[in-house]
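Accompanying notes for the structure given below.
The chains referred to below are lettered A, B, ... by the order of the sequence lines, with proteins before strands, and numbering in each begins at 1.
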Amino acid sequence: MNVLQEIIPNVKNMKQLQNLVLARRASQIKEELRQSEFSNLCFKFTCSQRVRKPFKEVINVSWGDAHKTGMKPLSFVQQVLAACLYPQLVNSDRLPVGVRQRAQSLLKGCDGGSVGSYTATRGISERVHRVSEFITRRDGGAPSYPENIFISPGSQWNILNVLVNSEASHRTGVLTPVPCYSIALMSIRGLGAVTVPYNLNEEQGWELQVEELHRALESAKGVCNPVALYVINPGNPAGYVQSRKSIQEVIQFVSEKRLFLLADEVYQDCVHGENSEFVSYKRVLAEMGPPLSDTVELASFHSASKGFMGECGLRGGYVELVNLDLAVMKYIYKLFSTDACAPVLGQFALDMMMKPPQPGDPSYPLYSMETQHIRTTLVHNVKRVLEVVNNLPGFCCQPVKGVFAFPRLHLPPKAIQKAKEMGMQPDAFYCMRLLEEAGVIVSPGCDYGQKEGTHHIRFYIMTPEDTMEEVLRRLSSFHTQFMKDFS
Amino acid sequence: REREGARDITNMSQQAANGVPCRGKVLTLDNMNPNVRRVEYAVRGAIVQRAGQIEKELKEGVKKPFTEVIKANIGDAHAMGQKPISFLRQVLALCSYPELLEDNKFPEDAKHRARRILEACGGHSIGAYSASQGIECVRQDVARYIEKRDGGIPSNPDNIYLSTGASDAIVTMLKLLVCGEGRDRTGVMISIPQYPLYSAALADLGAVQISYYLDEDKCWSLDVAELKRAVDAARQHCNPRVLCIINPGNPTGQVQSRQCIEDVIRFAKEEHLFLMADEVYQDNVYAEGCKFHSFKKVLFEMGPAYSSTVEMASFHSTSKCYMGECGFRGGYMEVINMDPEVKAQLTKLVSVRLCPPVPGQALLDLVVNPPQPDEPSYNTFMKERTAVLAALAEKARLTEQIFNEVPGVTCNPVQGAMYTFPRIALPQKAIDKAKEEGQVPDMFYCMRLLEEEGICLVPGSGFGQREGTFHFRMTILPPTEKLKIVLQKISDFHVRFTQEFS
């Protein structure tokens with residue numbers, strides 16, 4: 001008899017991401033390709049065994065992971081971490097002097113001088129200070145206090161746990177954008193809370209319109225008790241950057257409606273293009289002055305997984321909590337303490353992101369060259385993506401100001417019908433066909449939520465230029481054929 | 001924090017002065033998740049925060065009767081001066097900066113492993129996300145390690161989930177297991193004393209904690225009759241579904257006999273309980289006649305009636321044993337006999353935290369795949385590993401010996417793990433004084449020790465203990481010479497304290 005037949009409904013209700021289904025199929029295809037190549041080499045094939053794929057390898061642009069897509073990691077970061085891991089390197093000439101200096105300084109903050117020891121709950125004190133200095137600098141002097149900062153593995157969700165009250169008479173609600181980062185939706189639902197969707201306006205470049213926030217809040221009446229508003233700026237999956245005015249409106253809204261503000265800002269370093277400057281929620285809040293600046297309760301998230309470093313695997317990020325009740329902060333601290341601490345290498349990566357090599361530092365020239373190359377690549381890729389995608393019939397893409405393209409697909413009715421027959425969402429069906437026929441993995445819009453009747457795909461554009469060209473080539477050719485097949 | 005508080009108060013009075021109504025906070029103690037208010041984690045609790053303050057004061061030049069704070073509260077070997085294992089760090093450095101693979105200062109076996117790990121990483125970088133369940137080749141290596149450890153009993157890599165320390169996997173399993181309302185609410189059995197991650201997780205999840213007492217007079221052994229008592233009583237008010245065992249024990253250090261493990265498995269089967277076997281200290285076994293037996297091995301040796309039915313998860317970590325690499329947050333769990341549909345839910349659940357830290361996964365790979373006798377790094381590796389474990393064994397023995405010489409302190413043999421959990425006799429006057437100050441007696445004792453000697457321990461109340469008894473948990477990790485001094489200081493303190501309150 002199985003003990004585990006009954007599973008907590010919250011977990012069961014978390015939607016299985018199509019992205020993972022695609023990933024599994026991609027693994028199978030990779031294996032088939034590998035075997036096919038092997039059997040080709042051995043001249044041992046039969047017609048039934050041979051996999052006739054018109055591609056030799058699968059390209060995965062569905063993850064927001066620069067290293068995975070082939071971007072070269074920053075030398076400074078790799079070298080510093082190596083020296084921290086194996087301190088014999090600090091005393092040798094093998095690594096540049098700037099690297100050795102940084103490693104020494106980082107190791108000083110570790111108990112026993114080792115990256116293997118636990119750290120204080122909110123992170124190594126010097127690293128936490130570094131984060132607060134970064135925030136203050138970034139926000140034009142608006143002060144940031146170390147006591148309000150927690151370094152955590154990736155962009156952490158302990159704060160959500162505190163907000164969701166499962167014993168209240170009504171279920172906790174969190175307003176979430178449509179479309180929305182899928183993991184956020186899963187986290188909220190996994191805790192037993194309800195997501196209350198507010199639609200971003202696609203035709204207006206995915207603008208967040210405050211009337212829509214009002215409508216969403218109204219729709220929650222009688223359904224749940226909304227306690228928080230989750231915003232993503234810069235956007236994911238949609239590539240927008242909020243204007244200062246928009247941010248002010250959101251702040252006014254949460255203050256008026258007494259909502260906790262969750263600002264996911266992990267893509268703040270990846271912004272490019274005209275009229276797209278990132279300004280943080282914290283900064284705008286501070287500049288709006290009292291009473292708002294002293295009362296609006298805000299959690300801002302950032303991460304070393306994104307930006308130029310793209311060190312996703314190290315799991316280093318932070319949350320800054322502003323204007324929270326001090327008694328509640330004590331419990332948040334306790335909650336974080338049960339997770340022990342963030343991985344030390346992740347804390348170090350975050351430190352390097354908060355304070356990269358500066359002009360005049362020996363490490364600066366190489367660092368500057370490498371980050372410039374990343375910037376150039378991104379700008380080039382964005383241009384190419386918009387050129388190609390907007391010229392394909394049945395495809396249209398809003399301006400991309402971040403690292404994801406989220407073009408809209410206008411699928412022919414026959415394709416939608418076929419998808420229905422197969423029990424799939426139309427854009428998931430499109431993505432599966434794209435994988436099978438062209439060896440490219442992108443994410444379907446259904447994973448993020450989208451306006452009823454619309455379909456999208458999301459793909460990452462922080463890839464080497466020739467990879468992006470190949471992706472666009474395969475996508476164009478597949479898309480043209482697909483539209484023809486289902487016309 | 002003081003500044004923030006000051007600003008808060010000033011602002012509120014200003015608002016009041018301006019006639020603006022003082023609106024309360026949006027997120028308050030009253031409307032926050034009530035479960036979170038029940039969470040306590042003594043290992044990083046109030047006494048540790050006070051220790052941190054004292055350290056700061058010392059740095060600022062404040063005069064104290066001691067020059068440093070000795071943090072014997074947390075099982076952190078490197079913090080106490082234990083040196084990392086060279087081989088492990090060499091491979092990790094190579095993984096971090098692959099150009100070092102050209103450097104002839106690194107041995108071939110280290111380079112070989114680094115190349116293999118990098119090959120398995122996205123973009124050949126440890127900075128890329130891995131699959132949420134963990135890098136496949138690492139899971140395969142973990143499975144092979146388990147098979148070797150357990151005398152050939154098969155282990156399927158698909159049943160291995162890599163995690164952010166063992167804690168992450170433990171909490172994930174509990175998240176999966178805790179459900180129901182009222183009388184059907186999941187009950188989870190855990191020992192008294194226990195590692196307070198369990199009580200914290202149960203509080204956070206709103207599960208019912210079912211405590212079973214370990215027998216202090218019998219070296220903290222586990223008695224199935226006591227398990228039965230606890231579960232029967234619990235059935236009145238909840239639905240017992242899980243039995244958690246920590247072996248070797250934390251804080252007790254007890255290493256379970258094979259017979260005991262068999263009895264526990266039999267009990268779990270009879271009572272339809274999911275077994276969670278926390279085995280993170282599996283290499284830390286010191287006492288004569290004690291041996292680590294994995295729950296999985298014993299389960300399978302009991303034959304198919306058990307091995308094909310009892311559902312279980314075993315946990316391991318890179319934070320303990322001879323590695324002591326706490327800062328990497330590496331670990332895994334192996335699930336046995338899990339329903340495939342439930343396993344699909346588990347796989348979905350772990351995807352929410354994206355992936356465990358990749359350096360921790362790489363480290364775990366080395367732990368389960370260490371240098372072999374025919375490899376260049378073998379001798380150094382074995383020398384370092386043996387030295388660490390031998391030092392711990394000696395410190396375990398020394399601790400038991402010295403503490404048992406102090407009247408009023410009774411110390412069970414430290415059979416394994418990294419801690420001692422001695423019982424302390426507290427005079428009634430001390431207990432009364434503690435009450436006056438609003439403190440639990442053993443916290444009062446430990447706070448005094450901290451203030452007078454700069455030694456930070458965790459009071460037994462943080463782990464659970466029989467009513468009317470008092471304990472503290474101390475790690476045996478400081479270097480031997482320092483440990484001797486610490487043990488002496490605590491002994492002297494105990495005598496002084498007893499005298500003061502007699």
Side-chain angles (χ1 to χ4, degrees), chain A residues 1-4 6-8 11-12 14 16 20 63 65 67-68 70 73 78-79 81-82 85-86 111-112 114-118 121 145 147 153-154 161-162 164-165 167 183 186-187 190 258 260 294 297 310-315 324-328 331 334-335 337-338 340 343-346, chain B residues 1 3-5 11 25-29 31-34 36-37 39 41 44 74 76 78-79 81 84 89-90 92-93 96-97 100 122-123 125-130 164-165 167 176 178-179 197 200 241 272 274 311 324-329 339 342 345 348-349 351-352 354 357-360:
Chain A
M1 198 211 94
N2 274 325
V3 175
L4 281 189
E6 211 187 305
I7 288 292
I8 189 169
V11 176
K12 278 202 274 216
M14 288 197 309
Q16 173 71 283
L20 295 177
W63 282 80
D65 184 338
H67 295 201
K68 207 189 276 259
Q78 287 192 316
Q79 291 169 343
L81 293 176
L85 283 160
Y86 192 56
D111 286 343
S114 164
V115 298
S117 44
Y118 285 120
T121 295
Y145 303 107
E147 310 86 80
N161 189 0
V162 179
V164 178
N165 187 342
E167 282 180 19
I183 300 293
M186 283 177 89
S187 302
R258 292 180 57 71
F260 193 97
D294 292 327
E297 288 157 60
E311 293 283 351
C312 315
L314 298 187
R315 318 308 293 117
L324 265 71
D325 182 303
L326 291 181
V328 173
Y331 287 105
K334 265 194 206 162
L335 201 59
S337 77
T338 64
V344 176
L345 295 186
Chain B
R1 196 176 287 164
R3 271 177 297 180
E4 184 88 344
N11 194 52
K25 293 287 185 184
V26 166
L27 180 59
T28 66
L29 289 184
N31 64 18
M32 68 179 269
N33 182 351
V36 173
R37 289 180 65 176
V39 170
Y41 184 63
R44 285 175 176 256
I74 190 163
D76 186 343
H78 292 203
R89 293 305 190 85
Q90 284 171 341
L92 291 165
S96 178
Y97 184 46
L100 291 172
S125 165
I126 57 170
Y129 287 120
S130 76
T164 308
S167 304
L176 206 60
V178 173
C179 63
L197 168 73
R241 298 181 73 204
H272 296 306
F274 187 96
E311 289 160 73
E325 298 278 11
C326 313
F328 280 81
R329 318 304 297 115
D339 180 303
V342 173
Q345 297 297 323
K348 189 175 66 172
L349 187 56
S351 72
V352 179
L354 295 175
V358 176

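Ranked by heavy-atom pairs shorter than 4.5 Å toward chain B, the options A:Gly346, A:Ala82, A:Gly310 are led by A:Ala82. The candidate from A:Tyr118, A:Trp63, A:Tyr86 with the greatest count of non-hydrogen atom pairs under 4.5 Å with chain B is A:Tyr118. In terms of heavy-atom pairs under 4.5 angstrom with chain A, the leader among B:Gly123, B:Ala128, B:Gly360 is B:Ala128. Note on A:Leu20, A:Val162, A:Leu81: by heavy-atom pairs under 4.5 Å with chain B, the leading option is A:Val162. Among the candidates B:Pro84, B:Cys326, B:Gly122, the residue making the largest number of heavy-atom pairs closer than 4.5 Å to chain A is B:Cys326.
Screening A:Met14, A:Gln16, A:Lys12 for a side-chain contact (heavy atoms from CB on, under 4.5 Å) involving B:Gln345 leaves a single residue, A:Lys12.
For A:Val164, the part lying near chain B is the backbone, with the side chain staying farther off; criterion is any non-hydrogen pair under 4.5 Å. Contacts of B:Leu197 with chain A are made by side-chain atoms alone, with heavy-atom separations under 4.5 Å and no backbone atom involved. Proximity to chain B involves both the backbone and the side chain of A:Gln79, based on heavy atoms less than 4.5 angstrom apart. Residue B:Ile74 touches chain A through its side chain alone, counting heavy-atom pairs closer than 4.5 Å.
For B:Tyr129, the side chain to side chain donor-acceptor pair (under 3.5 Å) criterion is met by A:Lys306, not counting sequence neighbours. Residues satisfying the side-chain contact (heavy atoms from CB on, under 4.5 Å) test with B:Thr164, not counting sequence neighbours, are B:Asp168, B:Arg329, B:Arg353, B:Pro356, B:Pro357.
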Can A:Leu314 and B:Val358 be said to form a side-chain contact (heavy atoms from CB on, under 4.5 Å), step by step?
-> CA-CA 6 Å; A:Leu314 298 187; B:Val358 176; 5.8 Å; no
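In this structure the side chain of B:Arg89 reaches within 4.5 angstrom of the side chain of A:Val115, judged on heavy atoms.
Residues A:Asn165 and B:Asn31 have side chains that never bring a donor and an acceptor to within less than 3.5 angstrom of each other.
A donor-acceptor pair under 3.5 Å links the side-chain atoms of A:Ser337 to the main chain of A:Lys334, judged by distance alone.
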